[in-house]
Structures are given as C-alpha cells and as structure tokens.
Amino acid sequence: MRIDKFLSNMGVGTRTEVKQLLKKKCVTINDKFETSPKIQINPEIDIVSVNDKRIDYIDKVYLMLNKPKGYISATEDGQHQTVLDLIDEYKYLDLFPVGRLDKDTEGLLLITNDGQFNHQLMSPSKYVSKTYEVISKKNITKSDINVFKVGIELNEGLTKPAKLVHSDEVNKSLVTIYEGRYHQVKRMFHAIDNEVEALKRISIGDLQLDSTLAPGEYRHLTQEDFKLLDIK
Ligand code: URA
C-alpha cells in the first residue's frame, strides 16, 4: 500500500495534508524519514510514525452502537443525520451499519466495514435472532403469544415463528424474530390489532446491548462478543 493511502486511511489527514507531512519530514518508516508519498509499505510489518507517534494499522472495524432515536441506518442521507454521524473515528474506512433499525427505533446496532461479517449476521439462511423490547398500545395476550409462535401472515407471506413474552411492566413485551423484514415488528403487532409505540433492540444472537453505553455511544466488539455472535 502507498504510504499516503495508508496514512489517510488511518485518519491522519487528507491525501494533500499527508503529502505536506511527508514533505516536512514528519513521517518515519521503520525509524527512517520518508518524504515520497509513492513509497510502498506493508502495513502488517512496517512501523510508521508521524511526529514520533506510532500509527497502528486498523483494517477491519467492528463497533457496537447504542443507536438513539432520530438517526437513519444508512451511510448517507440528504436530509437526516445517519448513524455514521455518531462515529467520529475511521471516517476513511467505509463503515456501514449491519442491517437497519428504523429512524424511531433505538438500541443495539453493529457498525463495520467487513462485508463478510455483515453477511454472516444478515443472511436469511443464518437465522440469527434479534430481540426487541416493545412498548405497545395494548397489553399482549396469551393468544398473541400463540399467534407469534406460529408466524404472522404479512402481505408478502408468513413470517418465521417468533417468540413473544410478557415483561413485568404493563404494555411492555419482548419479541425475538429470526429474519429482518421491513418494519417487521411494527407490522407483526399491527397484524394482531395492536401498535408499537416504542422499539428498542436489545440483542443480536446471544450478544446483548452493553448497558453502560448511553444512547449515541459506541465501543469496539471484544473477543467475547464475537463468541456470543458465534462468528469465527
Ligand atoms: N422491526 C421494526 O418494525 N422496526 C425496526 O427498526 C426493527 C424491527
């Protein structure tokens, strides 16, 4: 990889700013000053520093975000703020959200730049579960729980069986689904003559939203998190 690409990918500056830094002899590769932006490096092996500060190579990024309401799950949007506006690092690494949460849904959203990771979690054949906390207009009934267990007829066909359970608060329940159709939870509640008033995703597979993250905060996934997602 060219040194100027490496440094701009790591967020040191734009290509032009990086060229200036090289010219001013601020950059060393393996302790030797380098001034040419064209020089090739191996980011896995070579040690690059800018003004004596080592620049670590980050290739793939995996973040857990506590998505607040009001943000679109997209990489860009002409009108609204997107979830990527909440991530102030790794601007050059082409991050994207893993799946979508509606603008008014909050909670666990993974952000990455790894297409394979996204596929492992989103592919319909993988059946990775997603659990939501739902505040609904009416309390759920035993019959609702049974209907969810069978699957709900939406206009494009029957959903996979879903798990609906009461919580200890009135009008609050937990629903686990095994696919990711458009507005799925809202439409499933609508189909049982109820309405979702607030929705929060609390887990993906066995990975739960970190309760120490305030809305809008994020952290890197840990090895333990990957195990919980059952991703090698
Ligand atoms: N189901 C919905 O209806 N909305 C979401 O944001 C996620 C699941």
Side-chain angles (χ1 to χ4, degrees), residues 63-77 79-87 95-112 117-141 144-145 147-167 169 171-211 213-218 228-229:
L63 304 172
M64 171 192 290
L65 169 71
N66 184 359
K67 177 195 175 295
K69 290 180 188 169
Y71 287 79
I72 305 270
S73 299
T75 51
E76 46 184 68
D77 186 277
Q79 289 184 319
H80 304 100
Q81 288 192 292
T82 76
V83 289
L84 292 192
D85 292 323
L86 296 161
I87 316 289
L95 298 180
F96 59 88
V98 176
R100 286 173 46 90
L101 290 178
D102 296 338
K103 188 177 167 205
D104 58 356
T105 300
E106 53 186 333
L108 175 57
L109 185 65
L110 300 177
I111 308 276
T112 189
F117 176 76
N118 178 61
H119 177 74
Q120 282 176 295
L121 291 172
M122 297 311 296
S123 161
S125 62
K126 311 272 178 188
Y127 302 111
V128 179
S129 65
K130 280 120 196 154
T131 299
Y132 298 82
E133 217 173 66
V134 182
I135 310 283
S136 51
K137 199 166 172 184
K138 297 189 270 183
N139 221 358
I140 57 161
T141 63
D144 295 336
I145 293 173
V147 173
F148 268 55
K149 220 184 262 174
V150 175
I152 296 228
E153 194 61 45
L154 298 179
N155 48 15
E156 73 280 15
L158 192 67
T159 68
K160 293 203 169 74
K163 194 170 148 198
L164 181 62
V165 289
H166 278 288
S167 89
E169 276 175 54
N171 294 1
K172 189 168 168 182
S173 54
L174 294 179
V175 62
T176 302
I177 56 174
Y178 298 85
E179 51 196 341
R181 302 188 194 187
Y182 182 64
H183 291 333
Q184 181 162 345
V185 176
K186 290 176 185 164
R187 289 194 296 143
M188 287 173 87
F189 270 71
H190 185 72
I192 55 164
D193 199 24
N194 200 340
E195 296 302 330
V196 169
E197 297 199 324
L199 194 58
K200 178 178 182 179
R201 183 155 67 192
I202 55 168
S203 59
I204 298 176
D206 289 335
L207 176 67
Q208 297 194 352
L209 176 64
D210 184 333
S211 60
L213 292 175
E217 288 185 344
Y218 62 91
L228 293 168
L229 287 171

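Any value given below was found using the heavy atoms of this structure, including those in side chains, with hydrogens, waters and symmetry copies removed. All residue numbers refer to positions in the sequence shown, counting from 1. Note that ligands are numbered from 1 as they come in the structure, with each ligand's atoms numbered from 1 the same way.
Smallest separation of non-hydrogen atoms from I140 and N194: CG2-ND2, 4.4 Å.
Listed by first then second residue, pairs satisfying salt bridge (Lys or Arg N to Asp or Glu O under 4.0 Å) with a partner in residues 182-199 read D102-K186, D104-K186, K138-D193, E156-R187, not counting sequence neighbours.
Closer than 4.0 angstrom to ligand 1 sit non-hydrogen atoms from L101, D102, T105, Y132, H183, Q184, V185, K186, L199.
Partners of D206 according to the salt bridge (Lys or Arg N to Asp or Glu O under 4.0 Å) rule, which considers only residues two or more places apart in sequence or in another chain, do not exist here. The side-chain contact (heavy atoms from CB on, under 4.5 Å) check on E217 picks up L213, A214, with sequence neighbours excluded.
For K160, the NZ atom sits in a packed shell: over 12 heavy atoms of surrounding residues, nucleotides or ligands are nearer than 6.0 Å.
Atom CD of Q184 is separated from atom OH of Y132 by 8.0 Å, given to the nearest 0.5 angstrom.
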